[in-house]
Protein chains: 2
Amino acid sequence: MRRTPAIKQALPTRDRILEAASRCFSKHSYDATGLRDIAADAGVDVAYVHRCFGSKERLFAQALAATARPDRLLTGSSDSVAQALAKQLFAHDTDEDINPLDIIVRSLTNPDAARVLREFIVQDFIGPLATKLEQPALLRAAVIAAFLAGIGILRNVLSIKPLLETEGGQLEKLILGTITTTMHATTTSERGKAPGKRRQ
Amino acid sequence: MRRTPAIKQALPTRDRILEAASRCFSKHSYDATGLRDIAADAGVDVAYVHRCFGSKERLFAQALAATARPDRLLTGSSDSVAQALAKQLFAHDTDEDINPLDIIVRSLTNPDAARVLREFIVQDFIGPLATKLEQPALLRAAVIAAFLAGIGILRNVLSIKPLLETEGGQLEKLILGTITTTMHATTTSERGKAPGKRRQ
DNA sequence: GATCCATGTCAACCGTTGTTGACTAGGGCG
DNA sequence: CGCCCTAGTCAACAACGGTTGACATGGATC
């Protein structure tokens, strides 16, 4: 059940806990993941998990920050970013692997986790992404974030069937088209008004 | 605190519980909503709530079915549907009003609620919507459902700021454009292949 | 050797939750 | 009156959750 126990035991315990937390939170929701589950996965006592991180919420925040690294996807032109984002949705998560998107979407509805996630999504995703987009940039970035979260939830959490087939790439193409549209579509009235003052 | 108590008291108790459940589930997540909260809102004992509906999950299912009526939005041409969907996202929910979308998105991550919601989304939304779309219809409908869920969550649950301003209609226009794109965009290779055989 | 600190364990607390069984009030009915 | 059924209450259970404080251990330091 334990993979490569030698290596894992060699890691400082705190890192093992963090990794266990990432794994648990990416497989189950914030509510469904107990500190005892994480402790058992890391091979330590519950009390120690708590003492290491102060609270469940802080542990979640650290696990999130350590695992989800959107900056890696947000490099290059807006078009290459769009492709990277679309592809990320299909990062297959095995029992051992951790899909960073899952850590986000599985806990979206818990108030404690939501505080952490809002901060993270705004500062580490929407903000950076917006720098690559046309005005209204923050709005476009937020809509794209919502789209990705929605696909992630319906696909990875709810397992809605039409979204599960990666065959033929139809889904990926559809998603890519949608993201691209949101990036570039005009939001002003059809007639090309003066592109000067837009408040965002 | 109680609005129009005369009318509410006149309703059969079971309906009052159902209404209280809808209200609670649209304001808080499945996990955060206790049967005692619903009972208190309806003015009855917890035990009675449970005996009326058998379990929390069944109560949730009934409250969902009674409140969320996507069929009302899915009439007319695909374009008018797109507009109705985009508008539904901005149905303002006051403390008294219930936004049907919230009941869905607030509980997406709880496993018990997820069972109920998957069934509901597939059968009452994706299915009907797909009948109005081009092939691959189910895939397009599912992507649109994911998009709406994503906006609903980031806007109504996480309160992501750029999504909150309804001013100017920029957001609604962006959303409408995205939905329309998903409805009509081609999913085959760019060069206009023979539009004949597409498998979905 | 004695002291100190980090690392960790053990047992328990306290609140909450869905759920259950025993009980009560009241109205229809024979 | 006596009976029964529905509607509804009350108290409690059993489990679980995050959290806490007291205690063990082992190496480093003086």
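A note on names: the letters A, B, ... follow the listed sequences, proteins ahead of strands, and every chain is numbered from 1.
- For the residue pair B:R14/B:Q62, the side-chain donor-acceptor check at 3.5 Å is satisfied.
- For A:T178 and B:T182, the side-chain atoms include at least one donor-acceptor pair closer than 3.5 Å.
- A straight line from OH of A:Y48 to P of D:dG21 spans 18 Å, rounded to a whole angstrom.
- For B:T13, a side-chain nitrogen or oxygen approaches OP1 or OP2 of D:dG8 to under 4.0 Å.
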Inset, instruction - Quick one: the dot-bracket string of DNA chain D, using Watson-Crick and G-U wobble pairs with both distances under 3.5 Å, [ ] for crossing pairs and | for bases paired to another strand. - result: ||||||||||||||||.|||||||||||||
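- No side-chain donor from either of A:T109 and B:S29 sits under 3.5 Å from a side-chain acceptor of the other.
- A:F60 and A:F25 have their aromatic ring centers within a separation under 6.0 angstrom.
- Here the range on DNA chain C touched by chain B, meaning any atom under 4.0 Å from one of its heavy atoms, is C:dT17 to C:dG21.
- Looking at A:D41, its side chain never comes within 3.5 Å of a backbone N or O of A:A20 through a donor-acceptor pair.
- Listed by chain and residue number, nothing satisfies the side-chain contact (heavy atoms from CB on, under 4.5 Å) test with B:T75 (two or more places apart in sequence, or in another chain).
- Across the protein-nucleic acid pair, A:D37 atom CG and D:dC16 atom P stand 11 Å apart, rounded to whole Å.
- Residues forming a side-chain contact (heavy atoms from CB on, under 4.5 Å) with A:A47 (at least two apart in sequence, or on another chain): A:D45.
- You'll find the side chain of B:I126 reaches within 4.5 Å of the side chain of A:I160, heavy atoms only.
- Listed by chain and residue number, A:L164, B:R118 satisfy the side-chain contact (heavy atoms from CB on, under 4.5 Å) test with A:S159 (two or more places apart in sequence, or in another chain).
- Distance CD1 (A:I17) to C1' (D:dG18): 15 Å, rounded to an integer number of Å.
- In this structure, the CZ atom of B:R16 is 12 Å from the C1' atom of D:dA7, given to the nearest Å.
- Non-hydrogen atoms lying under 4.0 Å from DNA chain C are contributed by A:R51, all within residues 49-61 of chain A.
- Rounded to an integer number of Å, the gap from CG of A:D45 to C1' of D:dC23 is 12 Å.
- Contact check for A:I153 versus B:V105: no side-chain heavy atoms found under the 4.5 Å cut-off.
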Inset, instruction - Apply side chain to side chain contact (heavy atoms under 4.5 Å, CB included) to B:D31 and A:N110, showing your working. - result: CA-CA 8 Å; B:D31 288 303; A:N110 175 281; 6.0 Å; no
